[in-house]
Protein chains: 2
Amino acid sequence: MLKKQLIMEKALELFSEQGFEATSVQQITERCGISKGAFYLSFKTKDELLISMVEYYLQQFVTDVDQVVRSSLSKDIILVEFYKSIFQAFKNHAASARVFFNEKVLLTKKELFQKIIAYDVEMSKSIIYMLEQLYQDELHDTKYDVMYCIKGFMKSYSELFIFSDIPLDLDQLAKSLAEKTEIIARHTTIPFITEELVQLTAEPFDEEVSQESLLELIEQHLDGLEDSIECESLELLKFQVENPTYSKAILKGLIENIRLQPDYRWVAYKIGKYFNI
Amino acid sequence: MLKKQLIMEKALELFSEQGFEATSVQQITERCGISKGAFYLSFKTKDELLISMVEYYLQQFVTDVDQVVRSSLSKDIILVEFYKSIFQAFKNHAASARVFFNEKVLLTKKELFQKIIAYDVEMSKSIIYMLEQLYQDELHDTKYDVMYCIKGFMKSYSELFIFSDIPLDLDQLAKSLAEKTEIIARHTTIPFITEELVQLTAEPFDEEVSQESLLELIEQHLDGLEDSIECESLELLKFQVENPTYSKAILKGLIENIRLQPDYRWVAYKIGKYFNI
DNA sequence: TATACTAATGACTAATCGGTCATTTGTCAA
DNA sequence: TTGACAAATGACCGATTAGTCATTAGTATA
């Protein structure tokens, strides 16, 4: 699978420079130093490459966010850490951010549009979870508005990273946005985004993690795993998905084992969702 | 010039559906019911069409925003009216919003990238002007942060119009965002966006209105104008640009005459900027 | 060394692209 | 009706594209 990685990385560079449609398969293979035929051994079509890239890079982003949100950080620093990790990701992966947050083609291909919205829904859910932890019942009807504001802050301030490379103080930025979020959360009285509205926009894309699809995902990841703690953990989890017997503590432990492997954070994230952990 | 309009409209539909690169000139001419040759009578290249469209649609948006901001509405409703007009525009021109706020290709062509950033800078200036009117000296170091927040609200909430067609209560939305803006403006204590930072990101694109370029712009618009009050006003203004003698009141009046003509709002906007009105 | 297998190549194809231009059509005044 | 001019056409061109496949290179086993 190293070849796939190489192609995705070089393609990301080119898409970020020229856009998807304007980049030819030829250019990608040239930058990779491989032949055109070799490309089609890894991906059936150019579109399949794009889909794989969307999955790979957005999964990274979503798990990044979720990890901070679910961490056991104290309430007074969690917002700061949330923003810090978001903008750290924007800084480190400016290229993928440029492609996946601005490339319109993604939205014209139905299959991709659905995927991207689905990842956005996942991220929204993480943010809502964070707000619920932070403010308990203090926010009731303004919860979703605060979530929209947070996403707005992200969109607006991320331009600083995407369109220029001015050195910025991430700590200061995170503190500043955490304060703004706090202010909005504490003082907003006129809500606009209702739960119904969120469901209306998210519903078609908010897919439950089905047992079947999860088993398939696990199967895929088992293939690439050699005998190890991670492999054993994943196999145990597979049986647990089919027939749950272990306690939540054990399940969570097994999931954490998986999460240590960088390429397995997504399957860990999905299993966690399945068991409501 | 009717042909140009037709092509731009149909092209906008197609770009909004498929993206720029994925749309062929053939498709555009088919939808217009004209031949391929006829297309090239109106536009020298496909790129020139795109540039014209960017100018046309973004000029509309910028003048919309500026008109509200410079209106003599009372302070307590100006924010609400500002948001209302913004989202009214998003609602009415969802197609162009889809293209010009999401199409990445625009950003890969240097000439267009500069143009788009330049329009963004114009809009930022309008927002800053509004904030200065509203809060005078109460905001000093947080002015630019509030501006970034407003742009973030716009980006985040505009998705409701761009990606779905759920009927929404614009008044309620505008009130809700006006309150959020007010809250941010009143309570923010930790700024991040400094004046230097704004200048760093905007400077290369923040072009002064030069006498020369303004005269050229006026000349272009005079061509398409028949004998009328508007025509006379524009000619008088042309002489005033070369040799100012009238008072500000007269100049403003003449500019307002021009602004009544829909296609002349941009030249009115530019002349206003030139005379600092 | 011989065999069997996979991985990798790049010349090739059919299709489509943006753009051109010789030709036709339409519209005037004379 | 004629002739002069502009508007509009679409067949055509060279260039480029995504994708294919017969062939070769590399490697492991026997």
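In the text below, chain A, chain B and the rest are named by the order of the sequence lines, each starting its count at 1.
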Worksheet item: First contact, last contact: which nucleotides of DNA chain C are these for chain A, 5' to 3', heavy-atom distance under 4.0 Å?
Response: C:dA8 to C:dG10
Worksheet, complete the sentence: Residues passing the side-chain contact (heavy atoms from CB on, under 4.5 Å) test with B:K46, sequence neighbours excluded, are B:F20, B:V25
Fill in: Contact letters for nucleotides 9-28 of chain D, in which S counts primed atoms plus P, OP1 and OP2 and B counts the base, heavy atoms under 4.0 Å
BB------SBBB--------
Worksheet entry | Side chain proximity check, A:C32 to A:I28, heavy atoms < 4.5 angstrom | yes
Worksheet item: Can you name the residues that form a side-chain contact (heavy atoms from CB on, under 4.5 Å) with B:A38, not counting sequence neighbours?
Response: B:I34, B:S35
Worksheet item: Residues in ring-ring contact (aromatic ring centres under 6.0 Å, His included) with B:Y57, at least two apart?
Response: B:F100
Discussion item. In the structure I gave you, are the side-chain heavy atoms of A:D263 and A:Y56 within less than 4.5 Å of one another anywhere?
Written reply: yes
Practice prompt. Taking only Lys NZ, Arg NE, NH1 and NH2, and the carboxylate oxygens of Asp or Glu, determine whether A:K270 and A:E122 approach each other closer than 4.0 Å.
Written response: yes
Show me the donor-acceptor pairs, under 3.5 Å and distance only, between side chains in residues 86-97 of chain A and residues at least two apart or in other chains.
| from | atom 1 | to | atom 2 | distance (Å) |
| --- | --- | --- | --- | --- |
| A:N92 | ND2 | A:Q88 | O | 3.4 |
| A:S96 | OG | A:H93 | O | 3.0 |

Discussion item. With heavy-atom distances below 4.5 Å as the criterion, would you say the side chains of B:F163 and A:T201 are in contact?
Written reply: no
Fill in: Euclidean distance, atom CD1 of residue B:I7 to atom C1' of D:dA7 [Å, nearest integer]
13 Å
